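Below is one structure, written out as structure tokens, with a few remarks after it.
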Protein chains: 2
Amino acid sequence: MKKDIPACPVEVTLMLMGDKWKILIIRDLLDGTKRFGELKRSVCGISQKMLTANLRTMEECMLVDRKVYAEVPPKVEYTLTETGYSLKTVLDAMAEWGEHYKRQAGA
Amino acid sequence: MKKDIPACPVEVTLMLMGDKWKILIIRDLLDGTKRFGELKRSVCGISQKMLTANLRTMEECMLVDRKVYAEVPPKVEYTLTETGYSLKTVLDAMAEWGEHYKRQAGA
DNA sequence: CTCAATAGTATCTTTTAGGCAACTATAGCA
DNA sequence: TGCTATAGTTGCCTAAAAGATACTATTGAG
């Protein structure tokens with residue numbers, strides 16, 4: 001059962017990706033497809049549990065695509081869907097603001 | 001003691017405003033100065049404690065300005081600083097994405 | 001036969017978030 | 001005299017989130 005979608009579009013976005021880990025996962029996936037282990041290493045500080053959990057909900061929300069290869073040892077690749085990739089504008093805005101803030105704070 | 005600023009600009013932004021309540025507070029303050037009680041009513045579902053706590057840290061990070069009037073009953077006004085207001089670009093991106101997602105999902 | 005590597009689960013513990021209720025100060029008003 | 005309204009603070013408590021650790025399956029390599 002899906003939660004109902006809030007009226008406010010900001011809240012909608014918040015619901016789908018307003019979460020530290022999700023944002024960092026998206027940030028790293030914007031560079032392209034990554035394997036589970038790669039993400040675990042690149043998303044600094046995330047636990048296996050959190051990574052799995054977040055990837056699962058993002059998959060449900062159609063933000064990422066999960067591709068399992070029938071190999072041993074296992075290989076699973078994660079890729080942003082078109083919808084997921086479109087979050088780039090948000091991430092870009094955040095990155096730009098972060099840069100700006102650092103310049104302010106550093107001065 | 002301030003936490004040290006992360007290298008990644010996205011993480012910087014996340015650290016300052018990557019929090020459900022902060023984003024909603026900023027969203028509502030983008031319309032202009034508001035009193036404590038007004039915010040409490042407009043940020044749907046927030047408790048007094050959370051509102052106070054979030055406003056305090058946002059004040060520390062120089063995102064909002066707190067103005068106390070020496071009146072009875074007390075009157076306190078909150079306004080976004082220039083830095084705080086500059087988060088509008090991020091909120092706008094989020095709002096736009098949210099709209100887009102709703103159109104997709106609603107179809 | 002056993003080990004390594006990957007992508008997870010399962011379980012337990014700790015940390016954090018957040019709600020609830022009570023308390024404060026004080027000018028004006030009935 | 002006591003009530004009201006506002007913007008808090010403080011303490012207590014619960015529930016949810018996150019972290020740590022151990023475990024699983026599989027198979028090719030040695």
Side-chain angles (χ1 to χ4, degrees), chain A residues 1-3 6 11 14-29 32-61 63-80, chain B residues 1-3 6 10-11 14-29 32-61 63-80 84:
Chain A
M1 190 188 70
K2 274 188 183 177
K3 289 177 191 160
E11 288 183 42
L14 221 45
M15 206 178 72
L16 268 335
M17 56 82 80
D19 170 314
K20 182 187 167 189
W21 294 131
K22 288 192 184 66
I23 295 179
L24 296 179
I25 292 169
I26 292 165
R27 176 197 63 184
D28 290 345
L29 284 182
T33 298
K34 280 202 165 57
R35 296 184 56 174
F36 184 84
E38 285 181 282
L39 277 175
K40 191 152 128 45
R41 263 168 271 124
S42 72
V43 178
C44 197
I46 197 170
S47 69
Q48 208 159 15
K49 181 183 168 181
M50 281 300 102
L51 183 53
T52 309
N54 278 290
L55 285 170
R56 287 291 181 283
T57 63
M58 289 164 79
E59 204 192 340
E60 271 176 45
C61 300
L63 295 181
V64 298
D65 219 49
R66 179 168 180 266
K67 191 171 179 188
V68 183
Y69 292 83
E71 293 178 11
V72 167
K75 177 177 172 182
V76 181
E77 280 184 351
Y78 291 93
T79 313
L80 287 177
Chain B
M1 188 187 72
K2 273 189 182 176
K3 289 177 192 163
V10 173
E11 288 183 42
L14 222 44
M15 207 179 71
L16 269 332
M17 55 80 81
D19 170 312
K20 181 188 165 189
W21 294 131
K22 288 192 185 62
I23 295 179
L24 296 180
I25 291 170
I26 293 165
R27 177 197 62 183
D28 290 345
L29 284 181
T33 298
K34 279 201 165 56
R35 295 184 57 174
F36 184 84
E38 284 181 284
L39 276 174
K40 191 150 128 45
R41 263 169 272 125
S42 73
V43 179
C44 196
I46 198 169
S47 68
Q48 207 159 17
K49 183 180 169 182
M50 283 300 104
L51 183 54
T52 309
N54 279 287
L55 285 169
R56 287 291 181 281
T57 63
M58 289 164 79
E59 204 191 340
E60 271 176 45
C61 301
L63 295 182
V64 299
D65 219 47
R66 180 167 179 267
K67 191 171 180 191
V68 183
Y69 292 82
E71 294 179 9
V72 167
K75 176 176 172 182
V76 181
E77 281 184 351
Y78 292 93
T79 313
L80 288 176

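Quick caveat: nothing in here was measured; it's all calculated off a predicted structure. Throughout, protein chains are lettered first and strands after them, A, B, ... in sequence-line order, and every chain is numbered starting at 1.
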Exercise. Enter the distance from A:Leu55:CG to A:Met50:CE here, rounded to the nearest 0.5 Å.
Key: 11.5 Å

Quiz item: Could you state the interatomic distance from CG (B:Leu39) to CD1 (B:Ile25), rounded to the nearest 0.5 Å?
Solution: 6.5 Å

Sort me out a list of protein N/O and nucleotides 17-24 of chain D N/O pairs below 3.5 Å, or just none if empty.
residue : atom : partner : partner atom : Å
D:dA18  : N7   : A:Lys49 : NZ           : 3.4
D:dG19  : O6   : A:Lys49 : NZ           : 2.4

Quiz item: What nucleic acid atoms does B:Tyr69 come within less than 4.0 Å of, heavy atoms only: base, sugar-phosphate, or nothing?
Solution: nothing

Self-check item: side chain to side chain contact (heavy atoms under 4.5 Å, CB included) between B:Met58 and B:Met17, worked out
Solution: CA-CA 8 Å; B:Met58 289 164 79; B:Met17 55 80 81; over 6 Å; no

Which atom names give the shortest non-hydrogen contact between [X] and [Y], and what distance separates them?
X: B:Met15; Y: B:Pro6; result: SD-CD, 3.9 Å
X: A:Leu16; Y: A:Leu63; result: O-CD1, 3.9 Å
X: A:Pro74; Y: A:Arg35; result: O-NH2, 3.2 Å
X: A:Asn54; Y: A:Trp21; result: ND2-CB, 3.6 Å
X: A:Lys40; Y: A:Ile46; result: O-CG2, 4.1 Å

Quiz item: Would you say the side chain of B:Glu38 lies within less than 4.5 Å of the side chain of B:Asp28, judging by non-hydrogen atoms?
Solution: no

Nearest whole Å is fine: how far is [N] [atom2] from [X] [atom1]?
X: B:Glu71; N: C:dT26; atom1: CD; atom2: C1'; result: 12 Å
X: B:Lys22; N: C:dA17; atom1: NZ; atom2: C1'; result: 12 Å
X: A:Glu77; N: C:dA7; atom1: CD; atom2: C1'; result: 13 Å
X: B:Tyr78; N: D:dA7; atom1: OH; atom2: P; result: 9 Å
X: B:Phe36; N: D:dA7; atom1: CZ; atom2: C1'; result: 6 Å
X: A:Lys67; N: C:dA7; atom1: NZ; atom2: P; result: 15 Å
X: B:Glu59; N: D:dG8; atom1: CD; atom2: C1'; result: 13 Å
X: B:Lys40; N: D:dA5; atom1: NZ; atom2: C1'; result: 13 Å

Does [N] have its OP1 or OP2 closer than 4.0 Å to a side-chain nitrogen or oxygen of [X]?
X: B:Arg41; N: D:dT6; answer: no
X: B:Arg35; N: D:dA7; answer: yes
X: B:Arg56; N: D:dT9; answer: yes

Could I get a table of every N or O pair under 3.5 Å where one atom is in the protein and the other is in nucleotides 28-30 of chain D?
none

Quiz item: Any idea which of D:dT6, C:dG8, D:dG8 is nearest the B:Pro74 side chain?
Solution: D:dT6

Quiz item: Can you tell which of D:dT6, D:dG8, C:dG8 lies closest to the side chain of A:Arg66?
Solution: C:dG8

